[in-house]
Protein chains: 2
Amino acid sequence: MARTIEFDRNEVLENAMNTFWNNGYSMTSIPNLVDSTKLNPGSIYSAFKSKEGLFLETLEFYGLNSVSQLKQYFDDSSSPLSAIEAFLKGIVDKCKSTDKRGCLIVNSILEMASHNDAVQAKANLQLQAVEDELVKGLQQAQAMGELSADKNPADLAKFLMVNIWGLRVMAKTNPDAQSADIVLKQILEALHH
Amino acid sequence: MARTIEFDRNEVLENAMNTFWNNGYSMTSIPNLVDSTKLNPGSIYSAFKSKEGLFLETLEFYGLNSVSQLKQYFDDSSSPLSAIEAFLKGIVDKCKSTDKRGCLIVNSILEMASHNDAVQAKANLQLQAVEDELVKGLQQAQAMGELSADKNPADLAKFLMVNIWGLRVMAKTNPDAQSADIVLKQILEALHH
DNA sequence: GGTTATATTGAATGCTCATTCAAGTAATAT
DNA sequence: ATATTACTTGAATGAGCATTCAATATAACC
C-alpha cells in the first residue's frame, strides 16, 4: 500500500546523539545532522518533526542507554556496592580519557533547560531514573550489611548524583590524569565511612 | 586631541555578563547585547573586537568577582573552615532559590570549552584560582588544628570543587528545596570526618 | 576657535540557519 | 500490472545572525 521507511531509527538516533554530544544543541546545524545521519532535511522533519524533536528523542535514547549500562553493572558485579563503585570508576576513567564530551544530559541541562521546558522535563526524568537505580542498589547493599545501617540510601544517592555531575564537569576541564582518582578515593570514603 | 569613551567598561561588562549568564553564549545575540549594554554594534566591536572578545572579558570579570567573594568569606569568618562552610552554604542557598543560572564558568565550559581554546584556558584559570584559595584555607585550618591532620588539603580542595560543580548542575535541575541541604550535610561530614 | 584624533551611530552586507514543499520514487494490495 | 499511499529528495524560502563601515559627533590640544 505504501512505501516503507528506509532508515533504521536507532542507527539514526545514535548518529544524531553523537553529533549533539560532540557539539551541543545550538552548535549542531541541520546540515551537520544531514551529514551524520545520512538523512535529507525533509526526512529528518517528516520523521522527527523538528530539530528539537530529534534532539528530545536523542536525549531519551541516551538516557535509556545510561540506565541500562548502570543495570548491567549491578548484574555483572558480585554485590550492589561494588557495582556502584565500578560505575563510578567507569565515569572516572572517562574523565582521564581523551573523550571530553562529558554527559549529554548534564550538558543539555546547562545549555538549554532554563529556556526549554521539554528538555528540562526529559532530562530531569532521565537523571531521576539513574538516581532511582542508585537508591535501589544502596538499599540492597544496606540489607546485605554491605552499607552501614546508619546511612540513608536516598540521601546518599543524591550525594552520589552531585558527585557524578561534578565529575562530568571535571571531564571537560582537561584534568590531570590523577585528579579524578583523587576525587574518586574521597567519594568512596564517604560511601564506606 | 581626541574624543573620550562615554561608557563605563565595568558597567558594560556586568550587563553583558548577566545576559550571557541568563542565555548562554550561543543563545545570546548581538542585538541582545546591544539591548543590555546600551552600546551599538559598532561600539561593541571597537571596544571588545568581537562577540567572543566581549565574552572572554566577561568571563574574567565574573571570575575575579567570584574569587574576591570567596576571599570575603575568609575575611568575614571566625576561622578558615567556617569560611569554607559559609561559602558552600551560599552555593546551596542559590540552589534553593529561584536563580537557576548556576555558575557562568561551569556553564561556559560545558557549552564551549571543547570548541574554543581561549574559553577553555580562561575558564580553567578562573576555576584554578578558586581551588587555590580553598587549598590555602584548608592548609590554614589544618595548621590551626581545625582540620584533621591526616587530610590532604590539595586533595580535599579538588573534592570540594567537584562537589561545587555538582551543586551548580543541581541548581539547574529544579531540585526539591531540601535536596541541596541533604547534599551539603554530607559534604560537611566528609570535611569533618 | 580650528584641527585632529578618536568615539559613536545604525544601516548595509553577506552568510548560515531551520524549515518547507513540489517533484520524484518505491513498496504493497488488489 | 496498476493504483495507491507514503517515503525521499534537495533546492528554495525567509528570517536572523555576526560583523563592517561610511558618516557623524565630540573632546582635547594648540
Within the structure shown, what part of the strands sits under 4.0 Å from [X] by heavy-atom distance: base, sugar-phosphate, or nothing?
X     : value
A/T28 : sugar-phosphate
A/I30 : base
B/P31 : sugar-phosphate
B/T4  : sugar-phosphate

What is the separation between atom [atom1] on [X] and atom [atom2] on [N], rounded to the nearest whole Å?
X     : N      : atom1 : atom2 : value
A/I5  : C/dT28 : CD1   : C1'   : 15 Å
A/F48 : C/dT19 : CZ    : P     : 14 Å
A/L39 : C/dA18 : CG    : P     : 15 Å
B/K51 : D/dG16 : NZ    : P     : 16 Å
A/M27 : D/dC17 : CE    : C1'   : 14 Å
A/D35 : C/dC17 : CG    : C1'   : 14 Å
B/F55 : D/dA18 : CZ    : P     : 13 Å
A/K49 : C/dA18 : NZ    : C1'   : 15 Å

Would you mind telling me which residue lines up with the more 5' stretch of DNA chain D, B/E6 or B/E52, judged by nearest nucleotide?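 Its nearest nucleotide lies further toward 5', so the answer is B/E52.
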Closest listed nucleotide, where the reference is the side chain of B/P41 and the choices are C/dT19, C/dT8, C/dG10: C/dG10
Please pick, from C/dT8, D/dA28, C/dG10, the nucleotide with the shortest atom-to-atom distance to any side-chain atom of B/F7.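 So the nucleotide nearest the side chain must be C/dT8.
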Aromatic rings B/F20 and B/F55: how do their planes relate, parallel, tilted or perpendicular, breaks at 30° and 60°? perpendicular
Between A/N32 and A/S43, which has a closest nucleotide on DNA chain C that is more 5'?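 The answer here is A/N32.
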List the steps, then state whether side chain to side chain donor-acceptor pair (under 3.5 Å) holds for A/Q128 with A/D132. CA-CA 6 Å; A/Q128 192 59 55; A/D132 290 348; 3.0 Å; yes
Do A/K185 and B/F159 meet the cation-pi criteria used here (NZ or CZ under 6.0 Å from the six-membered ring centre, within 45° of the axis)? no
Hey, does the side chain of [X] come within less than 4.0 Å of [N]'s phosphate (OP1/OP2), counting only N and O?
X     : N      : value
A/S29 : C/dC17 : yes
B/N40 : C/dG10 : yes
B/Y45 : D/dT20 : no

Name the one of A/E60, A/E14, A/E57 that satisfies salt bridge (Lys or Arg N to Asp or Glu O under 4.0 Å) with A/R9?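 The option that passes is A/E57.
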A/N40 (side chain) donor-acceptor with A/G42 (main chain) under 3.5 angstrom: no
Check if the side chain of B/R3 and the base of C/dA5 share a donor-acceptor pair of N or O atoms closer than 3.5 Å. no
